[in-house]
Amino acid sequence: MNGARQKLLDFVIAQADDAMVLGQRLSEWCSNAPYLEEDLALTNVALDYVGRAKMFYEYASKLEAGKRSADDIAFLRDGRDFRNLLIMELPIGDFAFSMARQFLVDVFNLEYMALLQQSSDAEVAAIAGKAVKESRYHLRRSHEWVLRLGDGTEESHARMQKGLDELWGYIDELFVNTDAEVALIKEGVAIDRALLRDSWSNQVEAVLQEATLSKPGVEWTVTGGRQGIHTEHFGHMLAEMQFLQRAYPGLEW
Amino acid sequence: MADYRMNEAELEKVFQDRIDDEQKIEPKDWMPDTYRKNLIRQMSQHAHSEVIGMQPEGNWITRAPSLRRKMILLAKVQDEAGHGLYIYSAAETLGISREEMVQALHDGKAKYASIFNYPSLTWADVGAIGWLVDGAAIVNQITLQRTSYGPYARAMVRVCKEESFHQRQGYESLLVLASGSKEQQQMAQDALNRWWWPSLMMFGPHDAESAHSAQSMKWKIKRKSNDELRQAFVDQTVPQAQYLGLTIPDPKLKWNEERGHYDFGEIDWDEFYRVINGNGLCNRQRIVHHRRAHDNGAWVREAVEAYDEKQKARKQQAA
């Protein structure tokens, strides 16, 4: 595989991993949500993310000329080869933590996917086009939850604030371009993440203010997901997700 | 002024005439108190079954073996939650709230389908639940599309469409296992062995022993008897099992030319009552899980109420 194609593959797999890992985490809410309506909505959002992951993995498989299938890429790599952002893999926590994560990610994703629709790579652009519609709906929901929980009771406010505080140090990583991305930005394939920061901050801060929440004071920040350096939680998540494919290798399901 | 109001007996006569005439009963119509109670019991049990059924299937979402299977299962469980919602809403037209129904579930006063007290142990169980449990549910629910209570009948029309989709997906996933490796075939057979009899039990006791059956049939809440429905399920399912190359765990199962139906063995009624009465493997777990999710969500529901109150107050202030 030549260098340019390898970079595109790395980029596509990272996109797939982001969606896969967040979808997997969200699916853990099934039958555990505070309302039956939320059981329905959260599985729906999880389904969107797994669907998005499937499209990116299928494209990755195509770029590899079918050397690995989409399922192979998702279910047969170990953690060190996953390239998702750390924020996606954190355990679901309480409902406030999960909704805070969705909100912070949704604000990013909506803008990112909207721009990625203009990608010079037609397949990437097409997937982004579908993702942007979903993200619009996701953001409407998570935005509502930040308002309700932030400006609800004392307890919900405290939980939402705690969720934001615990997540804030993972935000920087959203705006870091990998080497592959830097090269792909020049070709018009990828989007410069760094350019989204101001808009993201403005949108998030406006909602936090309306929700009577405070912007966390930044005292720490971690990165590593794009290099395959993950949290210790991640291996457990993969062990569960990949169990059948690992226990019964090489079969159709 | 003369009193034109009918007495109870006259009202009941008019009510029964409407039922006999195949008219639908609607929420604001007069209905006997026992009709209302009977429906609340049946509909809340149905809604709870959809919701509790999310647990054994949800148990495999995080471990689904491929992207496609994970998506199918997520979509299915999402549908089940949706069915629970419609049926709770339809039951609420009878003057009971969802909170009251959920409370009755937690207090052990309301039931859910007893089959969900069995554990889903392998991936094949997800297919078996779709094929057999949804298959049995459809046989029953198809007749409920003509049930006498309008909101329930209409909810069933939509539910049936989605359920038959689930049943086909469950069957298709078992077909892949049944034509797969030896281990996969064993997994599929084992699932059929464990889910077959509980599926037959889903139709309830024999007609003669069914506590609510006679009255429910008269009121057309129920349209076919337990034994009729069970027979229909066996007849439709045996050829499907044959096509899979799997063996139904019943040595007495045999086509009866004269009757035009399959004969089949007797259900282990001791097991049936044992599980219904709380001694299945998962009875406690299912309720503990539901209650835990409900209790863990209490602060969220309180927050929503508080937020709505604040919004209302702000609007009033602004007006």
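Side-chain atoms are counted along with the backbone in the values below, which use heavy atoms only and exclude waters and symmetry mates.
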Does any donor atom in the side chain of B:Tyr307 or A:Ser156 lie under 3.5 Å from an acceptor atom in the other side chain?
-> no
Okay, A:Phe243 and chain B: the region with an atom under 4.5 Å from a heavy atom over there is side chain
Rounded to the nearest 0.5 Å, the NE2 atom of B:His166 sits from the CD atom of B:Glu80 at a distance of 5.5 Å
Ranking B:Thr62, B:Ile61, B:Asp79 by heavy-atom pairs under 4.5 Å to chain A gives rank one to B:Thr62
*asked:* Less than 3.5 Å apart, any donor N or O on the side chain of A:Asp165 or A:Gln161 sitting next to an acceptor on the other?
replied: yes
Max heavy-atom pairs within cutoff under 4.5 Å with chain A, candidates B:Leu67, B:Leu74, B:Val176, goes to B:Leu67
* Consider only side-chain N and O atoms of B:Gln55 and B:His290, and report whether a donor and an acceptor are under 3.5 Å apart. => no
request  = Go through the side-chain N and O atoms of A:Thr231 and A:Glu89 and say whether any donor and acceptor fall under 3.5 Å apart.
outcome  = yes
The interface call for A:Met20 against chain B, heavy-atom contacts under 4.5 Å, is side chain
Residues pairing under side-chain hydrogen bond (donor to acceptor under 3.5 Å, both in side chains) where one sits in residues 180-189 of chain B, two or more places apart or in two chains, turn out to be B:Gln189-B:Asn193
Note: vs chain A, highest number of non-hydrogen pairs under 4.5 angstrom among B:Lys70, B:Met54, B:Arg301, B:Arg63 is B:Arg301
Honestly, the part of A:Glu240 sitting under 4.5 Å from a heavy atom of chain B is both
Honestly, the part of B:Arg98 sitting under 4.5 Å from a heavy atom of chain A is side chain
Most heavy-atom pairs under 4.5 Å with chain A, out of B:Ala293, B:Ala303, B:Gly297, belong to B:Ala303
Honestly, the part of B:Arg69 sitting under 4.5 Å from a heavy atom of chain A is side chain
Cut-off 4.5 Å, heavy atoms of chain B, and the answer for A:Arg159 is side chain
Test side-chain hydrogen bond (donor to acceptor under 3.5 Å, both in side chains), reference A:Tyr57, set A:Asp72, A:Asp17, A:Asp71, output is A:Asp17
**OP:** Verify whether one side chain among A:Asp106 and A:Ser142 offers a donor that lies under 3.5 Å from an acceptor in the other.
**Re:** yes
**Item:** Ring geometry between A:Phe95 and A:Trp145 (parallel below 30°, tilted from 30 to 60°, perpendicular above 60°)
**Value:** perpendicular
Q. When you check the side-chain N and O atoms of A:His138 and A:Asp48, is any donor under 3.5 Å from an acceptor?
A. yes
Item to complete: Measure up the B:His83 and B:Tyr86 rings against each other and bin them: parallel (under 30°), tilted (30 to 60°), perpendicular (over 60°).
Response: tilted
Counting heavy-atom pairs under 4.5 angstrom with chain B, the leader among A:Thr153, A:Asp151, A:Leu47 is A:Asp151
Bottom line for A:Ala74: the part with an atom under 4.5 Å from chain B's heavy atoms is side chain
Does a donor on one side chain sit under 3.5 Å from an acceptor on the other, for B:Arg314 and B:Gln317? no
Honestly, the part of B:Ser173 sitting under 4.5 Å from a heavy atom of chain A is neither
So, the part of B:Ala298 with a heavy atom under 4.5 Å from chain A: the answer is neither
For residues 30-43 of chain A against chain B, heavy atoms under 4.5 Å, the residues are A:Cys30, A:Ser31, A:Asn32, A:Ala33, A:Pro34, A:Tyr35, A:Leu36, A:Glu37, A:Asp39, A:Leu40, A:Thr43
Turns out that what part of B:Leu177 lies under 4.5 Å from chain A's heavy atoms comes down to side chain
Is A:Arg80 reaching over with its side chain to a backbone N or O of A:Gly228, donor-acceptor style, under 3.5 angstrom? yes
